[in-house]
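FYI, the numbering just counts along the sequence from 1.
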Amino acid sequence: MSDDQANPMEPKMGCGIMGRYPVISVMIFAAAGAGLGIGLSYWEPDDPNDKDLAIQWIGLIGDLFIRALKAVVLPLVFVNVILSVVDMLQVGQASSVGGKTVLLYLVTTLIASIVGLIAIVAFESLFTEGDFDDSLPFTIQLGCNMDGYFVTEEEGGSLTCSNEGDEASTVFDITSISTNYATKGGTANDISVSDQIYNGVFTKLVVSNITAAFASANFAGVVFFAIFFGVALHRVMFKKIVEGNVLLTFLQETNFVLLMLINWIIFITPFAVFSLIARAFGGQDDLGSTFGNVAYLVAATLVAMAVHSLVTHFALFGFVTRSNPIKYLKHITPAQMTAFACASSAATIPVTLQSVRNTGVVPDAVSNFVVPLGATINMDGTAIYFPCACIWLAKLNGLDPSVGDYILLIILATVGSAGAAPVPSAGLVLIITAYNTVFGTVGTPDGFEFIFAVDWFMDRWRTTINVTGDACVAGMVAAISNVSAEEEERLKELADDSPAVEKSAGVPVEEALEEPAEISQHPSEQGIDA
């Protein structure tokens with residue numbers, strides 16, 4: 001397989017010097033956007049519409065960027081979740097290593113989502129509601145059986161069919177109780193905790209129409225359907241009901257196509273950053289309060305990541321392996337630095353593999369399997385950031401999250417993070433979808449520009465946490481598994497054929513699975529207790 005076949009396109013942000021120095025480029029464009037936005041915020045033209053028009057056109061590239069991401073991300077999540085489920089089920093049946101790997105990844109991601117939620121709730125009282133223009137209400141005009149006649153409200157409040165009424169008497173506002181016509185922002189309906197859990201969790205997870213779930217961007221319903229679709233596909237493959245894996249091949253190729261589209265969109269990230277930041281800052285009257293809000297979000301997220309690292313990478317790792325986690329983690333530093341620089345778990349796979357091998361305690365068969373799988377399904381950093389960003393946006397838009405919202409956020413963060421592509425900023429628009437799913441809103445929430453403004457920075461921390469988790473799980477799996485020669489050979493075959501490896505964008509499969517050297521193949525030879 002050639003590199004072009006294994007890797008549709010390595011994600012780059014811009015061309016030329018911008019492609020070679022993506023972090024610096026994004027920082028420069030972000031600073032330029034902030035400078036222009038601050039200048040616009042102090043601009044007071046004679047006609048206020050001139051300022052609104054300027055801000056609108058400055059934000060065009062950013063708007064197109066977000067729209068393009070939203071068009072691609074939900075199909076990409078759907079395909080990724082199916083492939084991940086098939087991959088995990090294949091692995092779980094092939095070896096005890098597979099089952100332990102899947103379990104540890106699930107546990108660490110669940111811990112990450114809970115820690116993220118606790119951290120953002122602890123900071124919740126510090127957030128202030130944003131000052132945004134009110135969204136226009138949904139309106140309706142009801143026609144009668146005769147052309148030109150509409151339901152009209154008379155002066156006494158009675159309704160009649162007439163062709164003489166003005167717009168004020170023939171247009172009616174819609175108050176969305178079921179959230180089918182919900183607008184962004186606003187105040188949540190005052191319903192019981194039981195109804196919140198019933199309607200906010202279960203009815204959103206189990207949809208009656210999957211096509212409608214895609215159309216309405218019901219992230220939870222699409223992911224839940226994809227999980228069971230993957231289970232069913234694996235059962236068909238396992239029982240050999242049909243010959244060949246045509247559907248699986250189709251999904252893998254579809255995944256490559258969607259990843260290529262994502263990479264094309266990411267190409268304009270520096271310009272989108274400039275556009276969105278300039279528009280966001282230019283439309284604000286109180287920049288000090290806005291910056292304070294974003295700072296609290298960043299602080300809450302970094303605190304959550306630090307706590308998660310202590311709980312998972314130190315405490316859990318030390319408990320499972322019965323060893324000093326510092327001695328292991330010091331070898332992972334090159335992978336962490338690479339992850340922070342490129343913001344892509346997939347692009348970091350070769351460095352992560354070499355770092356894990358340098359520890360001298362993880363067999364090649366284990367690392368070749370666990371690390372590439374983790375690059376696709378283990379997104380602890382994303383699981384932390386999902387609830388943080390969604391709760392922050394909710395408070396900014398004047399919403400008070402409920403118990404049902406918290407439960408659904410944990411479910412979405414735990415399960416949905418596995419569907420995020422391992423490329424830069426792939427989970428960014430998932431925040432919009434998750435927010436709309438949890439709070440029953442539509443469109444892009446007010447203040448999302450500020451999430452985007454700091455995402456180039458937060459995405460690097462998320463990726464660093466993701467890569468560190470991959471390496472730690474590899475060490476834990478090696479410590480609790482007694483890999484036989486047969487299992488080692490089977491794991492190598494799975495690593496070579498794994499959809500998780502093939503769908504890692506930005507890394508050739510051959511490079512990600514290159515044969516290592518210099519450490520033993522069996523944990524028993526390295527002093528690892530089974």
- [ ] Before giving the answer on side chain to side chain contact (heavy atoms under 4.5 Å, CB included), spell out for Thr109 and Met379 the whole-Å C-alpha distance, their side-chain angles and the decisive distance to 0.1 Å.
- [x] CA-CA 7 Å; Thr109 305; Met379 301 290 176; over 6 Å; no
Open item on the list: Does Lys327 form a side chain to side chain contact (heavy atoms under 4.5 Å, CB included) with Thr359? I'd like the steps, not just the answer.
Closed with: CA-CA 8 Å; Lys327 291 183 178 179; Thr359 64; over 6 Å; no
Open item on the list: Set out, in order, the CA-CA distance, both residues' side-chain angles and the distance that settles side chain to side chain contact (heavy atoms under 4.5 Å, CB included) for Phe123 and Val303, then state yes or no.
Closed with: CA-CA 10 Å; Phe123 279 77; Val303 167; 4.3 Å; yes
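Between Lys395 and the options Asp400, Leu126, Ile120, a side-chain contact (heavy atoms from CB on, under 4.5 Å) holds for only Asp400. Of the listed residues (Thr382, Asn436, Ile451), just one forms a side-chain contact (heavy atoms from CB on, under 4.5 Å) with Ile431, and that residue is Ile451.
A salt bridge is defined here as a Lys NZ or Arg NE, NH1 or NH2 lying under 4.0 Å from an Asp or Glu carboxylate O, and Arg460 with Asp455 fails to meet this definition.
Counted by atom type alone, Ser113 and Thr414 present one or more donor-acceptor pairs between their side chains at under 3.5 Å. A donor and an acceptor atom, one from each side chain of Asp52 and Gln56, are nowhere located under 3.5 Å apart. Using modelled atom types, one finds no donor on one side chain facing an acceptor on the other under 3.5 Å when comparing Gln336 with Thr464. Looking only at atom types and distance, the side chain of Thr463 has no donor-acceptor partner in the side chain of Asn466 under 3.5 Å away.
Between Val79 and Asn255, the shortest heavy-atom contact is CG1-CB, 3.7 Å. For the pair Ala122 and Ser125, the tightest heavy-atom approach, listed with the atom from each and the gap, is O-OG, 4.4 Å. Listed here is the closest heavy atom pair of Asp459 and Arg462: OD1-NH2, 3.1 Å. Scanning both residues, Val207 and Ala213, for their nearest heavy atoms gives CG1-CB, 4.0 Å. Here the closest heavy-atom approach between residue Gly381 and residue Ile465 is recorded as N-CG2, 3.7 Å. Taking both residues in full, the closest heavy atoms of Ile480 and Leu104 are given as CD1-CD1, 4.3 Å, listed atom of the first, atom of the second, then distance.
Considering only heavy atoms from C-beta on, Leu297 comes within 4.5 Å of Tyr385 through its side chain. Under the 4.5 Å side-chain criterion, counting only non-hydrogen atoms from C-beta, Leu40 is in contact with Ile58. Residues Leu329 and Cys472 form a side-chain contact, since some pair of their non-hydrogen atoms from C-beta on lies under 4.5 Å apart. Two residues are said to be in side-chain contact when any heavy atoms from C-beta on lie closer than 4.5 Å; Leu396 and Asp446 fail this criterion. Between Leu412 and Val438 there is a side-chain heavy-atom pair separated by less than 4.5 Å. You'll find the side chain of Leu393 stays beyond 4.5 Å of the side chain of Phe439, heavy atoms only.
Under the side-chain hydrogen bond (donor to acceptor under 3.5 Å, both in side chains) criterion, His308 pairs with Thr312, Asp380, sequence neighbours left out.
Between the side chain of Ser275 and the backbone N or O of Gly62, at least one donor-acceptor pair lies under 3.5 Å. In this structure, the side chain of Thr108 engages the main chain of Tyr105 through a donor-acceptor pair within 3.5 Å. Checked by atom type and distance alone, the side chain of Asn397 never pairs as donor or acceptor with a backbone atom of Leu399 at under 3.5 Å. At distances below 3.5 Å, not a single donor-acceptor pair connects side-chain atoms of Ser309 with backbone N or O atoms of Met305. Of the possible donor and acceptor atoms, none in the side chain of Tyr328 sits under 3.5 Å from a partner among the backbone N and O of Ser323. A donor-acceptor pair under 3.5 Å is absent between the side-chain atoms of Tyr296 and the main chain of Glu124, judged by distance alone.
Here the OG1 atom belonging to Thr468 is positioned 8.0 Å from the CD1 atom belonging to Ile332, to the nearest 0.5 angstrom. Between the OH atom of Tyr406 and the CD1 atom of Ile114 there is a distance of 14.5 Å, given to the nearest 0.5 Å. Taken to the nearest 0.5 Å, the CD1 atom of Ile61 stands 8.5 Å off from the CZ atom of Phe274. Taken from CD1 in Ile118 to CD1 in Ile384, the straight-line distance is 11.5 Å, to the nearest 0.5 Å. The distance from atom CZ of Phe271 to atom CZ of Phe29, rounded to the nearest 0.5 Å, is 4.5 Å. Separating the CG atom in Leu60 from the CD1 atom in Ile55 is a distance of 14.0 Å, to the nearest 0.5 Å.
Sorted by first then second residue, the salt bridge (Lys or Arg N to Asp or Glu O under 4.0 Å) pairs that include residues 56-65, not counting sequence neighbours, are Asp63-Arg279.
Ring geometry, Phe78 versus Phe214: the interplanar angle exceeds 60°, so the pair is classed perpendicular (tilted spans 30 to 60°).
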